[in-house]
Amino acid sequence: MEVIIRPNAERAARLVARLIARAIQAKPNLVLGLATGRTMERVYGELVALHQHTGLDFSHCTTFNLDEYIGLPKASPFSYHEYMRRQLFSRVNLHPAQTHLPDGMAADLDAECAHYEDLIRAAGGIDLQLLGVGSDGHIGFNEPLSALRSRTRQKALTPATLAQNAPYCGGDPDQMPRRAITMGVGTILEARHCLMLATGQSKAEILARAMEGPITAMVTASALQLHPRCQIIVDEAAAVRLQGQNYYRWIFETEPEWAPYQEDPQL
Ligand code: GLP
C-alpha cells in the first residue's frame, strides 16, 4: 500500500483523475470500478475536463459501480444511478450498455447480486477500482463486521451511515433506504489495482485506523492493507493523524513512479 499526501482536496482529486486517465490511455478497454459520495464529485469533474480538453476517450471502457440503495427507482434523484448519470455518464463518451450498477429494485435481490458478480467476471475482472471511505470506515457499503471475504450482497446500513448520507438523500435519515446492494470486500480486493481518495479532517481519524491500525472487519477499509497494489491519495487535512506522514511525503518526492507528477503545480 502506498499513501500519497497532496496539499488540498482539489489537488488530491486531480491526481486521482490523472491516474485514472493514465490507466485508460495504457488500456483503452479498461474495466473501471466506480464509487459515489461527495469526495468523488471532484474526481468526476476532473475526468469530464480531461475528456473535453484532452480528448480522454472512455468509449472502450466498461464500468462497475460499488453499490446502490435498495428500493430507490433508478430515476430517483437520490439513487446512485442518477448520481453517476449527473456526475459522469451524461458528460463523457461512455456507452450506456457498458456502465453497470446493481439494481436495487430487482424482484430477486440475491439473484441480482449473483448476476452482478457474473457480469464482473465476464468482463475479465476489474482493472482499477476507485474507492472512497465512509465515516465508519466502510468501502462500498461494507459496514462494520462485513466479512473480509464477502461478495456482492445486500447489506443493512448503520445509523451512522444513514446520518452521514441523509443530506444527499433529501435530508431526513428516517426517509432513507435502510439497505443497499454492495460489492463485497472480497470482490473489491480482487480488483487488480485499488485507488482510494479521502479528503477533509472528518476522515482523518478513520483513515489512520484503516491504513495504520490492525486489519479488522470493524473497519473494512483496513482490508486494503492486504491488497498487493493499492494507492491511497489524501489531502493534508485527512493526513493529520497518520504516523507515517513524513515517509509518505518522501515517497511522492523521491520515487521515480511519481516523477511525472512531482513538478506539476496543479497536483
Ligand atoms: C457512501 C458510499 C461509499 C463512499 C462514502 C463516502 O457511503 N457508499 O462508497 O466511500 O459514501 O462519502 P463521502 O465522499 O460523501 O464522504
Side-chain angles (χ1 to χ4, degrees), residues 8-10 12-13 16-17 20 32-47 63-72 76-84 86-88 100-102 104 113 116 126 128-144 146 150 152-171 173 176-185 187-189 191 194-211 219-224 230-235 237-239:
N8 57 47
E10 217 176 343
V16 167
I20 295 171
L32 181 58
L34 296 174
T36 51
R38 211 161 40 138
T39 314
M40 294 304 148
E41 293 180 7
R42 278 202 177 93
V43 175
Y44 296 138
E46 291 292 337
L47 287 175
T63 69
F64 288 93
N65 266 77
L66 285 165
D67 45 19
E68 177 58 287
Y69 291 111
I70 290 174
L72 282 188
S76 159
F78 309 130
S79 76
Y80 284 165
H81 278 82
E82 181 55 21
Y83 170 102
M84 289 309 306
R86 264 194 325 263
Q87 299 291 335
L88 188 69
H100 305 88
L101 289 93
C113 294
Y116 204 65
I126 292 172
L128 171 56
Q129 178 65 56
L130 181 61
L131 295 162
V133 62
S135 56
D136 62 0
H138 68 215
I139 45 176
F141 269 133
N142 290 287
E143 299 287 41
S146 290
S150 50
T152 302
R153 71 210 182 292
Q154 302 178 52
K155 195 71 200 159
L157 304 179
T158 64
T161 296
L162 295 176
Q164 187 201 310
N165 291 0
Y168 318 105
C169 268
M176 275 193 64
R178 298 290 173 94
R179 302 172 68 78
I181 292 179
T182 180
M183 278 187 205
V185 181
T187 320
I188 293 168
L189 290 180
C194 285
L195 180 59
M196 173 178 275
L197 174 65
T199 57
Q201 197 161 1
S202 65
K203 298 286 171 70
E205 180 69 45
I206 197 67
L207 194 72
R209 285 177 62 197
M211 301 302 116
V219 179
T220 54
S222 69
L224 294 172
C230 179
Q231 293 168 322
I232 317 287
I233 315 294
V234 305
D235 66 352

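Because only heavy atoms are used, hydrogens play no part in the values below, and waters and symmetry mates are left out as well, while side chains stay in. Read the numbers this way: they start at 1 and go in the same order the structure lists the ligands and their atoms.
- The protein heavy-atom contact nearest to atom 14 (O) of ligand 1 is Thr39 OG1, 2.5 Å.
- Taking the six-membered ring for Trp and thresholds of 30 and 60 degrees, Phe141 and Tyr69 have ring planes inclined between 30 and 60 degrees apart.
- Taking atom 4 (C) of ligand 1 as the reference point, the nearest protein heavy-atom neighbour is Thr36 O, 3.7 Å.
- Put simply, CD on Glu82 and CD on Gln87 are 10.0 Å apart, with the number rounded to the nearest 0.5 Å.
- Close contacts of ligand 1 with Tyr80, meaning ligand atoms under 4.0 Å from a residue heavy atom, involve 1 (C), 2 (C), 8 (N).
- In plain terms, the two heavy atoms of Asp136 and Pro144 that are nearest each other are OD2-CD, 3.4 Å.
- Closest to atom 15 (O) of ligand 1, if we only count protein heavy atoms, is Arg38 N, 2.8 Å.
- Against a heavy-atom cut-off of under 4.0 Å, Gln164 is close to the following atoms of ligand 1: 6 (C), 12 (O), 13 (P), 16 (O).
- A side chain to side chain donor-acceptor pair (under 3.5 Å) with Glu143 holds for exactly one of Thr220, Thr182, Thr161; it is Thr161.
- With a heavy-atom cut-off of 4.0 Å, Asp67 touches ligand 1 through its side chain alone.
- Nearest heavy-atom pair, Val185 versus Ser146, reported as atom, atom and distance to 0.1 Å: CG2-CB, 4.4 Å.
- Within ligand 1, the atoms closer than 4.0 Å to a non-hydrogen atom of Gly132 are 10 (O), numbered from 1 in the order shown.
- Protein heavy atom closest to atom 16 (O) of ligand 1, with residue, atom name and distance, is Lys203 NZ, 2.6 Å.
- Applying the 4.0 Å criterion to heavy atoms of Gly140 picks out, from ligand 1, the atoms 2 (C), 3 (C), 8 (N), 9 (O).
- Side-chain atoms of Asn65 and Thr36 include no donor-acceptor pair closer than 3.5 Å.
- The shortest separation from a heavy atom of His138 to ligand 1 is under 4.0 Å, placing the residue in contact.
- Considering CG of Leu88 and CE of Met40, their distance stands at 12.5 Å, rounded to 0.5 Å.
- Counting heavy-atom neighbours within 6.0 Å of Arg179 CZ, excluding the residue itself, gives a total above 12.
- For the pair Gly37 and ligand 1, the shortest N or O to N or O distance does not fall below 3.5 Å.
- Residue Ala35 places every heavy atom at 4.0 Å or more from ligand 1.
- Here the shortest heavy-atom distance to atom 6 (C) of ligand 1, taken over Leu162, Asn142, Val133, belongs to Val133.
- Scanning all heavy atoms of the two residues, the minimum distance from Cys194 to Leu224 falls at SG-CD2, 4.2 Å.
- No N or O atom of Thr161 sits closer than 3.5 Å to an N or O atom of ligand 1.
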